[in-house]
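Remarks on the structure that follows.
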Amino acid sequence: PVVVVVRPGATSGCADSSMTAARQRFIPLEARGEWEAALRGIPHAFAHTWGSCRAMQLTTDRPTFLYTWQKGSSRAVCAIAERSSDDYVDVVTPFGFGGFVGERVGPDMLADWQKSARDRNYVCGYLGLNPELMPAACRESPDYSEENEVFILELDRGEAALHDALSRNRRRQLLAFRDGPARLVE
């Protein structure tokens, strides 16, 4: 996945260009209605949903929140889970492609996030980002790092179009699978 490592002591190199203060919240899983309302109107992935984050929290028992940021007409969200060890707390994005998503998001969102992370005493963060939905400000951050490749399939094109887009070798392998001892069950 694509990641932004937020070092709370680091600066983003970007100053807030307006005098308007951002509204930031950490919505806990217990506030399902607020969580779902905060996602309305923002393109997001399954990893941002209350249901996905609740399932992860049930398996990890980690405190989980939806971080929300709003400044004027700009909005962003990011699902996070807190991990504790002794007196130290760091944050991670829950399973899947989550991370920051939003509308009209600039570098001031990352600066505000870093301040919030410092205020909450996070020692570090590992935030996996959705390569299709993340704001450009994340990619432009000096803390941004790509760790591996992600392949995206457009499943709404239909089976025939997907099959036609396969390499000749992959179509040959699929044909061998269908004709072999194992059968494709539909």
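If you're wondering where the values come from, they're calculated on a predicted model, not measured in any experiment. FYI, side chains are in, hydrogens and waters are out, and symmetry mates aren't considered; it's all heavy atoms of this structure. In this chain, numbering begins with 1 at the start of the sequence shown.
- How far CD of Gln70 is from CZ of Arg75: 6.0 Å, rounded to the nearest 0.5 Å.
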Cys78/Trp113 under side-chain contact (heavy atoms from CB on, under 4.5 Å): CA gap, chis, key distance, verdict: CA-CA 10 Å; Cys78 181; Trp113 159 254; over 6 Å; no

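- The two residues Gly96 and Ala47 come nearest to each other via the heavy atoms C-CB, 3.9 Å.
- Considering every non-hydrogen atom in both Thr93 and Gly128, the closest pair reads OG1-N, 2.9 Å.
- Clustering ILVMFWY residues whenever any of their side-chain heavy atoms sit less than 4.5 angstrom apart, transitively, puts Ile80 in the very cluster that holds Met109.
- The shortest heavy-atom contact between Glu103 and Gly41 is OE2-O, 2.8 Å.
- Note: the hydrophobic cluster containing Phe65 also contains Leu127 (ILVMFWY, side chain heavy atoms under 4.5 Å, direct or indirect links).
- Listed by first then second residue, pairs satisfying salt bridge (charged side-chain N to carboxylate O under 4.0 Å, His left out) with a partner in residues 30-40 read Arg25-Glu34, Arg32-Glu36, not counting sequence neighbours.
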N/O donor-acceptor pairs under 3.5 Å from side chains in residues 160-169, not counting sequence neighbours:
{"unit_1": "Ser167", "atom_1": "OG", "unit_2": "Arg170", "atom_2": "N", "d": "3.1"}
{"unit_1": "Asn169", "atom_1": "OD1", "unit_2": "Arg172", "atom_2": "NE", "d": "3.2"}
{"unit_1": "Asn169", "atom_1": "OD1", "unit_2": "Arg172", "atom_2": "NH2", "d": "2.4"}

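- Between the OG atom of Ser141 and the CG atom of Leu129 there is a distance of 9.5 Å, given to the nearest 0.5 Å.
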Check against side-chain contact (heavy atoms from CB on, under 4.5 Å), Tyr144 and Met134: CA-CA 12 Å; Tyr144 174 77; Met134 78 169 134; 3.6 Å; yes

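- Note on Val77: it clusters hydrophobically with Leu133, by side-chain heavy-atom contacts below 4.5 Å among ILVMFWY residues.
- Annotation for Arg23: atom CZ does not count as buried by contact number, only 12 or fewer foreign heavy atoms lying within 6.0 Å.
- Among residues two or more places apart in sequence or in another chain, the side-chain hydrogen bond (donor to acceptor under 3.5 Å, both in side chains) test is passed with Asp119 by Lys115.
- Annotation: side-chain hydrogen bond (donor to acceptor under 3.5 Å, both in side chains) contacts of Thr49 (sequence neighbours excluded): none.
- Nearest heavy-atom pair, Ser84 versus Val89, reported as atom, atom and distance to 0.1 Å: OG-CG2, 3.7 Å.
- Taking both residues in full, the closest heavy atoms of Cys53 and Pro94 are given as SG-CG, 3.9 Å, listed atom of the first, atom of the second, then distance.
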Gln114 vs Asp143, side-chain contact (heavy atoms from CB on, under 4.5 Å): CA-CA, chis, key distance, verdict: CA-CA 11 Å; Gln114 288 176 345; Asp143 290 325; 3.4 Å; yes

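- Listed by chain and residue number, Asp90 satisfy the side-chain hydrogen bond (donor to acceptor under 3.5 Å, both in side chains) test with Arg83 (two or more places apart in sequence, or in another chain).
- In this structure, OG in Ser52 is found 10.5 Å from NE2 in His44, a value given to the nearest 0.5 Å.
- Of the possible donor and acceptor atoms, one in the side chain of Asn130 sits under 3.5 Å from a partner among the backbone N and O of Glu132.
- For Gln57, the side-chain contact (heavy atoms from CB on, under 4.5 Å) partners are Leu29, Arg54, Asp61, Thr64, not counting sequence neighbours.
- In this structure, Asp112 and Lys71 have side chains that are in contact, with non-hydrogen atoms separated by less than 4.5 Å.
- Taking CG of Leu39 as the start and CG of Leu66 as the end, the distance is 5.5 Å to the nearest 0.5 Å.
- Summarising the local packing, CZ of Phe26 is surrounded by more than 12 heavy atoms from other residues, nucleotides or ligands at distances under 6.0 Å.
- In the hydrophobic cluster analysis, where Ile, Leu, Val, Met, Phe, Trp and Tyr join through side-chain heavy atoms closer than 4.5 angstrom, Trp50 is grouped together with Ile42.
- With hydrogens and angles ignored, the 3.5 Å screen pairs a side-chain donor or acceptor of His48 with a backbone N or O of Gly99.
- Centroid-to-centroid, the aromatic rings of Phe100 and Trp69 stay 6.0 Å apart or farther.
- Cluster annotation: Phe97 is not connected to Phe95 through the hydrophobic network of ILVMFWY side chains, with a link wherever side-chain heavy atoms come within less than 4.5 Å.
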